[in-house]
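The structure appears below as structure tokens.
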Amino acid sequence: MKHLQVAVGIIRNTERQIFLAQRAASSYMANKWEFPGGKIEQDESAEQALKRELMEETGIEVTSASAIGQADHSYEDLRVTLHFFLVEGWNGEPYGREGQPQRWVEQQDLVADEFPPANHELISRLVAGEI
Ligand SMILES: Nc1nc2c([nH]c(=O)n2[C@@H]2O[C@H](COP(=O)(O)OP(=O)(O)OP(=O)(O)O)[C@@H](O)[C@H]2O)c(=O)[nH]1
Ligand SMILES: [Mg+2]
């Protein structure tokens, strides 16, 4: 089975709101909400991939990111390992640079069912205020 390593950014502002983007209607997990991010290329560290993907997808330059855990999940025909980073420092203002719908959500109001299954444990930790 194909196994992807994915860098994922939880962009959190000083009001404890988190930036979400919606997956394209045509993509796998269509219309689910997600944290911006993407595949780690062969010659990249997870943190380098995070910085590149967040610039591509949201237009921000990450200045502060800390690793907060990983999640492993097998979808029907794809295995993913998500590398989560809490992003609390950046230059610019995040927006859906690829045209994807976006919104800021209070951390405690995140709803697990709106995300792909691989995110559910992380959402629980965020809602519980453990992060
Ligand atoms: N970005 C992101 N990907 C996630 C999350 N949760 C999750 O299961 N994934 C999975 O991680 C995989 C790769 O992410 P991605 O599609 O963003 O990768 P990418 O930006 O490099 O894709 P692209 O180059 O095809 O646009 C997808 O299968 C996606 O379903 C999440 O919260 N954020
Ligand atoms: Mg992506």
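For reference, positions follow the sequence shown, starting with 1. We count ligands from 1, going down the list as the structure has it; atoms in each ligand are counted the same way.
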For [atom], closest protein heavy-atom neighbour:
| atom | value |
| --- | --- |
| atom 11 (O) of ligand 1 | Val6 CG2, 3.6 Å |
| atom 2 (C) of ligand 1 | Glu34 OE1, 3.2 Å |
| atom 23 (P) of ligand 1 | Lys39 NZ, 3.4 Å |
| atom 9 (N) of ligand 1 | Leu82 CD2, 3.9 Å |
| atom 18 (O) of ligand 1 | Gly38 CA, 3.4 Å |
| atom 29 (C) of ligand 1 | Arg23 NH1, 3.8 Å |

Problem set entry | Any Glu98 heavy atom less than 4.0 Å from ligand 1 | no
Seminar exercise, completed: Honestly, for Phe115 the part within reach of ligand 1 (heavy atoms, under 4.0 Å) is neither
Exercise. So, Glu44 side chain and Glu41 main chain: donor-acceptor pair closer than 3.5 Å or not?
Worked result: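 Yes, Glu44 side chain to Glu41 backbone: donor-acceptor pair under 3.5 Å.
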Exercise. Are any of the protein's heavy atoms under 4.0 angstrom from atom 20 (O) of ligand 1, yes or no?
Worked result: yes
Please examine the side chains of [Y] and [X], heavy atoms only from C-beta on, and report whether any two atoms are closer than 4.5 Å.
| X | Y | answer |
| --- | --- | --- |
| Val87 | Ile10 | no |
| Pro36 | Ile11 | yes |
| Leu110 | Phe115 | yes |
| Val80 | His73 | yes |
| Pro94 | Glu57 | no |
| Asn31 | Gln22 | yes |
| Pro116 | Asn119 | yes |
| Leu20 | Phe35 | yes |

Find all atoms of ligand 1 within a distance of less than 4.0 Å from any non-hydrogen atom belonging to [X], and give their numbers and elements.
| X | value |
| --- | --- |
| Glu57 | 20 (O) |
| Leu78 | 28 (O) |
| Ala118 | 8 (O) |
| Tyr75 | 7 (C), 8 (O) |
| Asn119 | 5 (C), 6 (N), 7 (C), 8 (O), 31 (C), 32 (O) |

Problem set entry | Donor-acceptor pair between Glu106 and Gln17 side chains, under 3.5 angstrom |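 Distance-only check passes for Glu106 and Gln17.
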Seminar exercise, completed: Those residues at least two apart in sequence (or on a different chain) that pass salt bridge (charged side-chain N to carboxylate O under 4.0 Å, His left out) with Glu114 are Arg103
Exercise. Can you name the residues that form a salt bridge (charged side-chain N to carboxylate O under 4.0 Å, His left out) with Glu121, not counting sequence neighbours?
Worked result: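 Expected list: none.
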Seminar exercise, completed: Nearer than 2.8 Å to the Mg ion (ligand 2), the protein contributes N, O or S atoms numbering 2
Exercise. Hey, does Phe35 come in under 3.5 Å of ligand 1, counting only N/O atoms on both sides?
Worked result: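 There is such a contact, yes.
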Exercise. Taking N or O atoms only and a 3.5 Å limit, does Gly37 qualify as a polar contact for ligand 1?
Worked result: yes
For this session: May I ask you to say whether Arg23 pairs ionically with Glu34, meaning some side-chain N is under 4.0 Å from a carboxylate O?
Result: yes
Problem set entry | Partner residues of Thr81 under the side-chain hydrogen bond (donor to acceptor under 3.5 Å, both in side chains) criterion, sequence neighbours left out |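 Thr81: side-chain hydrogen bond (donor to acceptor under 3.5 Å, both in side chains) contacts with His3, Asp72.
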